[in-house]
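Notes for the one structure printed next.
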Amino acid sequence: MTLLSVRDVSKRFGGLQAVSDLSFDVARGSIKALIGPNGAGKTTLFNLISGVLEPDRGEIVFCGTALQALSTHQIASRGLVRTFQHIRLFPKMTVLENIMVGRHVHSGAGFLAGMLNLPFTWKEERRIREKSFEIMELLGIADFAGTEATSLAYGQQRVVEIGRALACEPKLLLLDEPAAGLNMRETSEMGGLISKIRDMGVTVLLVEHDMELVMKISDEVVVLSYGQKIAEDRPLSIQKNPEVIRVYLGDDQ
Amino acid sequence: MRARYLPVVAFAGLVVAIQLATHFTDSAYHLTQLTMTAYYSLLIVGLCMLIGYAGQISLGHAGFFAIGGYLSAFLTTHNLAPHQAGALISLLSKSGLLVTRSDLYGGSLLTVHPWCACVAAAIVTVAIAYLVGGPVLKLRGHYLAMATLGFGVIVYRIVLGTEFLGAADGISDVPGFPLLPGLEIAGKSSLRVPNYYVAWGLVTLGMVLLLNLIHSRVGRALVSIHGAEDAAGAMGIPTARYKLNTFVLSAVFASLAGVLLTHYNGGIGPSEASVMKSVRYVAIVAIGGMANLWGALSMSLVLNYLSLRGYLGSFDDAVFGTILILIMLFAPDGLLRRHLFSDVKRLVTGSAADEEAP
Amino acid sequence: MAGITYGTIYAIVAIGFNIIYNTTGIINFAQGEFVMLGGMSAVTFHQFMPLPLAILCAVIVTLLIGAIIEIVFIRWLHKPSVLRMIIITIGISILIRESALHVWGESVRALPYFTGTSVTSINLGGVYVTPQVLWVVGVSAVAVAVLTAFFNYTLLGRQMRACSANRDAARLCGVNAGNMVTLSFMLSAAIGAIGGCVVCPITYVQYDSGTPLAIKGFTVAILGGLGNSTAAVGAGMILGILESFSIWVLPTAYKEAISISILLLILFVRPSGIFGSSEASRLKEF
């Protein structure tokens with residue numbers, strides 16, 4: 001069952017072809033990893049899928065809807081939520097508040113209801129709070145609920161960011177280098193967390209440089225080089241793929 | 001949860017205390033400036049919402065104040081009697097939207113009812129705010145500042161250059177704004193105390209509405225947009241629409257403040273639309289600590305009052321300019337925050353600290 | 001002809017914006033005040049000394065004020081946010097304006113025409129212009145040429161450009177970035193003052209002439225693409241001429257509203273300017 005389908009997508013910046021005629025599918029309930037050397041177009045691809053950029057050509061279909069014409073927040077409200085390579089937590093907000101923002105698409109109080117503090121918003125606020133605590137418990141960050149999010153240690157900030165994304169109850173979670181800047185122990189915990197998220201029924205698409213992590217948790221791996229797909233296979237086969245080895249280790253090996 | 005209303009109660013207490021103090025010291029004349037201060041404060045808390053919480057600067061809010069004030073002043077003073085024969089006017093007249101009153105010289109005037117004028121001002125403000133805000137809020141940084149400044153100057157030039165808006169003289173002889181039988185918003189000294197309470201009551205109401213908003217889902221979304229707009233969008237928050245709605249909301253606050261103050265003062269002049277006024281409002285929000293409604297309100301109370309009483313003399317604008325610079329140099333998060341000390345130290349030790357930084 | 005005179009002064013303000021923007025990324029909202037200061041102080045100096053000397057003194061005074069502003073208010077700030085810089089420079093412009101009000105009062109002043117009088121005219125191929133217009137255009141042209149040469153052919157000018165391209169790298173190469181910023185404020189103040197001096201016989205000057213000039217100068221800077229001084233000259237002419245034509249259609253009182261509407265229109269449609277490339281402007285920190 002295909003959840004996300006990227007079809008013949010191309011994107012050019014001036015003279016640089018960042019992504020060219022790229023196609024792949026993400027199956028529901030799987031963990032898929034995108035790898036490739038620096039400048040292979042992984043982050044561009046993430047930005048295309050999450051609506052930050054618009055593709056020059058091609059289609060991105062999620063749950064039967066084409067995403068190209070939608071804006072970032074529309075895509076997020078359809079259940080496709082991302083994290084950022086450089087952590088983008090909301091400063092001056094506590095961990096709890098950060099995660100509560102994630103519940104935005106699952107609540108409805110607008111400007112007027114908010115200003116008048118209408119009774120239905122009380123119930124809604126309570127549900128948002130409960131759900132946020134549930135997520136914090138799940139991720140083991142409930143102790144930091146009242147701490148300012150940007151004052152946490154780097155590794156914990158990553159977890160909070162993932163928690164915020166989970167609060168949206170996404171169908172597909174895009175993780176942009178979730179292990180970047182983490183030490184070995186944190187990385188292995190992150191791997192466990194990602195597997196756990198998949199087991200909760202959330203499909204995961206991640207970009208990652210840490211090969212050990214990718215090979216351990218992914219169901220399938222797509223390898224990009226210069227904006228093109230050079231391989232798509234199970235982790236074990238990818239490791240033996242001569243093309244992939246050539247890209248990573250250079251021609252003269 | 002209810003902690004947010006405690007300061008409101010304390011504030012209401014302060015309002016009453018000030019009135020009692022002026023009563024017992026026989027200085028009730030202070031209430032006139034305090035009432036005017038209240039209406040300016042209404043604008044300032046609205047602007048605080050926009051600048052501090054949604055993170056969008058506006059150097060043109062005096063423009064919205066003037067739109068409200070001038071529209072209301074014009075509609076309630078423009079004599080429609082010569083057009084009475086017209087179908088539209090007679091229809092409006094019959095439906096009670098127009099009132100007849102006598103002017104200074106005993107002649108009779110047929111004008112729009114203040115309430116209708118107020119509603120009209122609010123509707124026009126919302127329309128203009130949406131029209132201007134839509135494209136303006138797509139801009140950032142210097143561009144946003146200049147565009148809003150430009151909007152303010154356009155309004156200023158139009159009221160200054162338009163004959164039927166009184167050009168440089170503005171509009172005077174604006175009638176009071178009737179609330180209840182015997183109670184109207186007007187500058188009569190017999191109504192000084194009730195007017196003081198009406199004005200500050202409105203400010204309190206405005207504060208309650210905005211405090212509720214801040215603590216709601218929308219308020220959280222606004223702060224998140226301010227903090228990291230791309231991440232807020234990625235969480236499904238329609239950032240552009242929220243910014244625009246906040247802009248319109250603050251414009252309506254400004255416009256209503258303009259309407260009411262115009263009725264209280266009995267007139268409005270072009271200086272209300274000047275750029276200096278807009279800058280002053282931003283200054284007060286900045287001094288109050290940007291994202292701090294109570295800070296903005298208390299600074300507005302103090303500074304507007306001092307300025308209206310004339311304590312700052314001919315240095316009025318210079319004082320605001322100086323405060324603005326000092327605050328931004330030493331305490332960009334407002335007076336009531338930290339970091340003050342370290343910045344002063346950096347100034348004293350020169351740019352040495354600057355060189356060390358990566 | 002009025003169009004060209006005003007267009008030139010707008011271009012000069014725009015170039016002032018560009019000089020500071022190029023080295024610091026700051027838009028100096030007090031730019032218009034430099035023009036006012038130049039004109040006002042030249043009028044004052046002229047009471048004691050001949051015109052050329054008065055102008056020279058006025059330029060030097062304004063240049064020193066520019067330097068003082070940078071040293072006192074800007075230099076020691078570490079990576080200030082855009083909002084903070086906007087508010088600080090607005091505060092500076094208020095301070096300058098209010099000081100000018102207390103020093104010179106509200107009266108409108110003017111320098112005498114440099115050559116001839118207001119009724120003298122020179123025939124230029126059928127068009128009659130007052131000599132002062134030629135002074136305005138001539139002096140501005142020389143100023144732009146000197147600036148261009150300075151930025152392209154002198155070591156100092158190149159160091160300033162290096163700072164704008166990459167401050168940290170420039171610093172590593174031994175360029176004192178702080179001094180370059182001071183220098184840019186001085187240059188920008190000086191060129192504003194020169195503009196104020198040559199134009200004030202025609203347009204007159206008052207303590208509050210700065211703000212409208214700043215807004216229009218910014219319009220021109222945007223129109224030409226922020227940071228692009230050559231384009232600013234063309235953009236200045238366009239705005240000046242548009243403005244002088246607008247008087248035929250609408251009352252003079254709305255003249256300023258028209259030019260600002262142009263600014264808003266450009267900002268909405270094409271913030272990179274009509275001569276600029278949209279790709280490049282997106283890379284800037286806005």
Side-chain angles (χ1 to χ4, degrees), chain A residues 46-47 50-52 71-84 86-94 96-118 121-122 124-126 128-129 132 149-150 161 164-165 167-170 174 176, chain B residues 1-2 4-5 8 45-46 49-50 52-55 126 138 205-250 252-253 289-292 333-334 337:
Chain A
F46 255 39
N47 286 337
S50 60
V52 176
S71 53
T72 329
H73 69 90
Q74 288 169 322
I75 291 173
S77 63
R78 277 171 172 73
L80 196 162
V81 180
R82 71 172 293 181
T83 65
F84 294 82
H86 305 286
I87 300 175
R88 300 288 280 153
L89 288 176
F90 304 125
K92 295 181 187 159
M93 288 177 108
T94 63
L96 173 65
E97 285 169 332
N98 262 278
I99 291 185
M100 284 169 82
V101 172
R103 293 301 293 167
H104 189 89
V105 295
H106 294 285
S107 44
F111 273 78
L112 215 54
M115 280 201 284
L116 299 176
N117 200 9
L118 296 179
T121 65
W122 307 348
E124 190 177 271
E125 279 292 297
R126 203 164 54 231
I128 292 174
R129 204 170 276 266
S132 305
T150 45
E161 205 191 22
R164 187 178 69 188
C168 297
E169 292 179 33
L174 301 187
D176 199 348
Chain B
M1 166 92 189
R2 293 285 161 255
R4 82 176 83 139
Y5 297 129
V8 176
V45 291
M49 196 69 212
L50 179 69
Y53 291 90
V126 168
K138 291 202 183 101
L205 177 68
M207 280 301 279
V208 169
L209 292 178
L210 293 182
L211 286 169
N212 282 341
L213 187 63
I214 289 169
H215 290 95
S216 75
R217 164 180 180 264
V218 173
R220 255 192 326 268
L222 289 177
V223 178
S224 74
I225 292 172
H226 190 8
E229 190 168 339
D230 50 352
M235 291 298 113
I237 295 167
T239 52
R241 203 175 76 214
Y242 271 43
K243 286 194 287 186
L244 182 57
N245 284 350
T246 314
F247 186 73
V248 174
L249 180 72
S250 69
V252 170
F253 267 68
M290 296 293 187
N292 184 346
D333 293 326
R337 304 281 172 100

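Reminder, nothing fancy here: chain letters follow the sequence lines and each chain counts from 1.
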Inset, instruction - For residues Tyr242(B) and His73(A), establish whether the separation of their ring centroids is below 6.0 Å. - result: no

Legend entry - Glu125(A): side chain to side chain contact (heavy atoms under 4.5 Å, CB included) partners, not counting sequence neighbours: Met100(A), Ile128(A), Arg217(B), Arg220(B)

Legend entry - For Glu229(B), salt bridge (Lys or Arg N to Asp or Glu O under 4.0 Å) partners two or more places apart: Arg140(B), Lys243(B)

Inset, instruction - Determine the option with the most heavy-atom pairs under 4.5 angstrom with chain A, choosing from Gly227(B), Ala221(B), Pro238(B). - result: Pro238(B)

Legend entry - Straight-line distance of Lys138(B) NZ to Leu244(B) CG, nearest 0.5 Å: 9.5 Å

Legend entry - Closest non-hydrogen atom pair between Ala234(B) and Ala76(A), with its separation: O-CB, 3.2 Å

Inset, instruction - Go through the atoms of Arg103(A) and report whether side chain, backbone, both or neither lie under 4.5 Å from a heavy atom of chain B. - result: neither

Inset, instruction - Check each atom of Ala240(B) against the heavy atoms of chain A and say whether the ones under 4.5 Å are side chain, backbone, both or neither. - result: neither

Inset, instruction - Answer with side chain, backbone, both or neither: which region of His215(B) has an atom nearer than 4.5 Å to a non-hydrogen atom of chain A? - result: backbone

Legend entry - Residue selection (most heavy-atom pairs with chain B, distance under 4.5 Å) from Arg88(A), His104(A), Arg164(A), Glu161(A): His104(A)

Legend entry - Portion of Phe111(A) that has a non-hydrogen atom of chain B nearer than 4.5 angstrom: both

Inset, instruction - Look at Gly108(A), Gly102(A), Gly51(A) and state which one has the largest set of heavy-atom pairs under 4.5 Å with chain B. - result: Gly108(A)

Inset, instruction - Side chain from CB out, backbone as N, CA, C, O: work out which of these in Leu249(B) comes under 4.5 Å of a heavy atom of chain A, or both, or neither. - result: side chain

Legend entry - Ile87(A) side, atom CD1; Leu89(A) side, atom CG - distance, nearest 0.5 Å: 6.0 Å

Inset, instruction - Check Ile237(B), Asn212(B), Leu213(B), Thr246(B) against Val218(B) for a side-chain contact (heavy atoms from CB on, under 4.5 Å) and give me the one that passes. - result: Leu213(B)

Inset, instruction - Under 4.5 Å heavy-atom distance to chain B, tell me which part of Ser50(A) shows up: side chain, backbone, both or neither. - result: neither

Inset, instruction - Measure Glu124(A) against the heavy atoms of chain B and call it side chain, backbone, both or neither at under 4.5 Å. - result: side chain

